[in-house]
Amino acid sequence: MRDALHEIVEEFADTPKELRLPLLLEFANGLPPLPQHLIDDRDAMEPVEECTAPLFLAVDVAPGEPVRLYFDAPQEAPTSRGFAAVLHAGLDGGTPEEILSTPNDFYLSMGLDDLVTPLRMRGMSGMLARVKRRVAAGITTG
Amino acid sequence: MPAEFDATTTIQQYAHPERLVTTAWLEANLGTPGLVVAESDEDVLLYNTGHIPGAVKIDWHTDLNDPLTRDYVDADAFAALMRAKGITSDTTIVFYGDQNNWWAAYALWVTSLFGHADVRLLDGGRKKWIDEGRATTTDVPAPANADYPVTARDDSVIRAYREQVLAHIGNGPLVDVRSPGEFSGELLHMADYPQEGALRGGHIPTAKNVPWRRAADENDGTFLPLDQLKAIYQDEIGLTPQDDVVAYCRIGERSSHTWFVLTHLLGFDNVRNYDGSWVEWGNAVRVPIEKP
């Protein structure tokens, strides 16, 4: 797992249970806004159907360049924003290999499963699966 | 002592106006001793982003459901929850939440299983409160532990189980409050909720489909006026207030909303919520299914 993501997982796991949701909210609030080219071209973003709230993502992959991730979710959906922000903080700027080596169930170690229903947690794996698919496709076509 | 009732005309038109309050009433009554406001949302982080001043959070998943068995919490756990939220058996609880009070109605229904007397919904829920520019805060209240008796949960009056629903087919009306796509069996899950699926699609034989959201105004999320609710539930699908009605959806949350409408707004005497709903029925072996 990429170090940046591993540190976030550890940070959640080491946080007392009652403070984990506030921590997720801090991540949600820190999700960077979309760059202008994606605001202008929303069709370039992929909807993540595993999330219960509308969530969109885009991935930039270019040979020799760090992978860039972009996520968008409404303010009224802080949990989805929080999941997206964890992936962004943990994987944005990584190499394709680092991203593809992320375990699909990495989030199970965060200690959120008591707080967020397992069904909702799968929104996270849905996002990761789509990011990986795009990165893998970007390597072969790029 | 219970709080005063909301005398607003729009509230008074319903069969049990003591079960509903307007945003204006709530704002005027915030801080009244004996009144506790409780937020229950679909999104578990929403409360933390800002809530009605003084409101406590009741989480449908972690607070109301048993962590092991698919059932609600037991009497001890429920009493502990109420005590921690500063609620006594005399407290007026006003529930509100996101998504047209979807989860708030569920929390109200579960609270009703334990016989809590004075439970009300905030008409229009969280969205209306915020859209009207009323105050919110991120301060989480720390209520003093209250005294709440351990009261047995009574599942016999407003809750239905699979065997009872099976026996109900052909003997009383069933209302399926899911979306038309789920009702027809075209979708094996609710749109955008692919994880909460079933092996079989369709509906319980004889059920009539009235998606739960139809009971609320599309714009502000308040309940439709009484005559429009009657037009839907009584004229359109032929229910009468004396009927023994069973409502269901996917896991019993959307049908809690319809249960509230039929019981408290239209004044039906015998409405039960089948919380096993389609996640149970559509996965159960050898139960009958109808598909158009």
Side-chain angles (χ1 to χ4, degrees), chain A residues 12 15-31 46-57 71 73-86 104-105 107-108 110-130, chain B residues 39-51 56-68 70 84 97-100 102-103 106 125-131 136 138-140 142 179 181 187-198 221 250-254 277-279:
Chain A
F12 272 92
T15 298
K17 187 176 167 185
E18 65 277 13
L19 294 176
R20 281 181 206 145
L21 283 184
L23 180 60
L24 187 61
L25 184 60
E26 273 180 41
F27 273 89
N29 291 336
L31 182 68
E46 176 178 356
V48 180
E49 286 161 6
E50 289 84 353
C51 290
T52 54
L55 191 133
F56 294 84
L57 63 82
F71 296 94
Q75 295 289 346
E76 317 82 82
T79 300
S80 293
R81 286 180 68 85
F83 290 173
V86 165
N104 292 337
D105 58 355
Y107 57 86
L108 294 178
M110 293 170 72
L112 283 172
D113 44 329
D114 289 347
L115 303 165
V116 181
T117 65
L119 301 166
R120 301 291 187 279
M121 285 302 295
R122 285 188 214 160
M124 183 89 97
S125 58
M127 281 183 227
L128 177 62
R130 283 173 155 75
Chain B
E39 176 161 342
S40 287
D41 294 320
E42 149 89 53
D43 191 307
V44 296
L45 273 187
L46 209 45
Y47 170 88
N48 303 66
T49 66
H51 50 81
V56 296
K57 173 183 177 180
I58 294 185
D59 187 303
W60 69 274
H61 168 225
T62 56
D63 288 331
L64 298 176
N65 275 270
D66 186 274
L68 192 58
R70 184 177 169 193
D98 62 352
Q99 307 265 23
N100 287 353
W102 170 355
W103 300 96
Y106 183 69
R126 178 182 168 94
K127 182 173 183 296
K128 185 162 195 280
W129 180 275
I130 287 173
D131 286 351
T136 59
T138 53
D139 294 341
V140 176
S179 60
L187 288 175
L188 286 174
H189 56 77
M190 183 177 171
D192 304 330
Y193 290 69
Q195 319 89 337
E196 294 167 30
R250 173 181 54 110
I251 55 169
E253 10 66 71
R254 286 175 285 178
S277 277
W278 199 257
V279 166

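- To the nearest 0.5 Å, atom OG1 of residue B:Thr49 and atom CZ of residue A:Arg81 are 11.0 Å apart.
- With rounding to the nearest 0.5 angstrom, the CD atom of B:Gln99 is 9.5 Å from the CD atom of A:Glu76.
- B:His61 approaches A:Leu115 most closely through the heavy-atom pair ND1-O, 4.0 Å.
- Between B:Asn48 and A:Pro22, the shortest heavy-atom contact is ND2-CG, 4.3 Å.
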For the pair A:Leu21 and B:Val44, evaluate side-chain contact (heavy atoms from CB on, under 4.5 Å) and give the outcome as yes or no after the intermediate values.
CA-CA 8 Å; A:Leu21 283 184; B:Val44 296; 4.2 Å; yes
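- In this structure, B:Leu45 CG and A:Phe27 CZ are separated by 12.5 Å, a value rounded to the nearest 0.5 Å.
- For the set B:Leu46, B:Asn65, B:Asp98, the entry with the most heavy-atom pairs within less than 4.5 Å of chain A is B:Leu46.
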